[in-house]
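Below: the structure, in structure tokens.
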Amino acid sequence: MTGRNDHNVNNHGGNRQKRYFDKAYELRTTEETRRHYAEWAEVYDLEIGEEKGYRQPERCARALQAAGLEANAPVLDVGCGTGLSGRALAAAGYATIDGCDLSPEMLAKAETTGAYRRLFEADLNHPPLEAPDGHYGAATCVGVFSFGHVQPDAIDDILRVLRPGGYLVIGLNDHFYEEGSFPAKLQALETAGLLTLVNKEHGAHLENVEGSTGWVFVHRKG
Ligand SMILES: C[S@@+](CC[C@H](N)C(=O)[O-])C[C@H]1O[C@@H](n2cnc3c(N)ncnc32)[C@H](O)[C@@H]1O
């Protein structure tokens, strides 16, 4: 990157060479976010998964496993993107994974992973999700709570689709956690008895980006 706002194109040119990560922290509206991911889909796995060393998908999948969710339970991967989070769940032994996302271009990439039973478009900030009440043993939200992305109030409808005692696993970076609305929402849900904290762990978000750390939260519904 030559600067925060640059989308670098190297000498070989073309979309495949562009980089989008820095811009992701500047998104503020759903429309900006939708446009951003439409372009980013092609190189997201290369940039985030490989170059930046994205650790949250694996951390979240392991946290769910450690919490004890059985392997045959259905899991909803909320904001599944290109499927890095679904692939990590599959590698952890989960076989029934549905995914939803705002971006059709990201969903098209997720389809190619073969990790998902069902994929569907959804704007989490405009509930309800097209999913039945009480269906899922867990919902994972990996890298989706952020500026211009999914807002903390979306947790209400995600809880609706979880079975009683189902797990909510959220991985997010420090940047958005420190903004404050996310921990405030968790605290309100815990106080109301709608969520119970099982585990929280601080660690690497993007391993190859200096200072990029984040939280993984595991809660149970109820
Ligand atoms: C950083 S990516 C994370 C994708 C995937 N979970 C992962 O860990 O690689 C954030 C994803 O959130 C999705 N997203 C952003 N705003 C959304 C919204 N309002 N509703 C649903 N998905 C949204 C984006 O399209 C994008 O795929």
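Every value quoted in this text rests on a predicted model; they were computed, and no experiment measured them. Order of appearance sets the numbers: ligands from 1, and atoms from 1 within every ligand.
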Which of the numbered atoms in ligand 1 are below 4.0 angstrom from a heavy atom of [X]?
X	answer
D123	18 (C), 19 (N), 20 (N)
A122	20 (N), 21 (C)
T33	15 (C), 16 (N)
L124	18 (C), 19 (N), 20 (N), 21 (C)
G81	4 (C), 27 (O)

| message | Quick check for you: to the nearest 0.5 Å, what is the distance between D45 atom CG and E42 atom CD? | response | 9.5 Å
| message | Membership question, hydrophobic clusters at under 4.5 Å side-chain separation (ILVMFWY): are Y116 and L84 in the same one? | response |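 Not linked; separate clusters.
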| task | Identify the protein heavy atom lying closest to atom 8 (O) of ligand 1, giving its residue, its atom name and the separation to 0.1 Å. | result | Y54 OH, 2.8 Å
| Starting from atom 9 (O) of ligand 1, which protein heavy atom do you reach first, and at what distance in Å? | Y44 OH, 2.9 Å
Quick one: look at [X] and ligand 1, take heavy-atom pairs under 4.0 Å, and tell me if it's side chain, backbone, both or neither.
X	answer
A154	neither
M106	side chain
C80	backbone

Heteroatom proximity flag, [X] to ligand 1, N/O under 3.5 Å:
X	result
T30	no
V142	yes
T82	no
G79	yes

| Is there a side-chain contact between P132 and V161 (heavy atoms, below 4.5 Å)? |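 No, their side chains stay 4.5 Å or more apart.
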| Are H205 and Y54 close enough that their ring centers fall under 6.0 Å? |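 Yes, they do, as the ring centres are separated by less than 6.0 Å.
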| field | Output field: ring centroids F176/F145 closer than 6.0 Å | value |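 Between F176 and F145, the centre distance exceeds or equals 6.0 Å.
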| query | Does ligand 1 have any atom that is closer than 4.0 Å to a heavy atom of V144? | reply |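 The answer is yes: ligand 1 sits under 4.0 Å from a heavy atom of V144.
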Side-chain donor-acceptor pair under 3.5 Å between [X] and [Y], yes or no?
X	Y	value
H202	Y177	no
E47	W40	yes
E179	S181	yes
Y167	R220	yes

| said: Nearest non-hydrogen contact with atom 24 (C) of ligand 1 belongs to which option: N125, L102, D101? | reply: D101
| F147 six-ring centre to R28 NZ/CZ under 6.0 Å and within 45° of normal |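 Verdict for F147: a cation-pi partner in R28.
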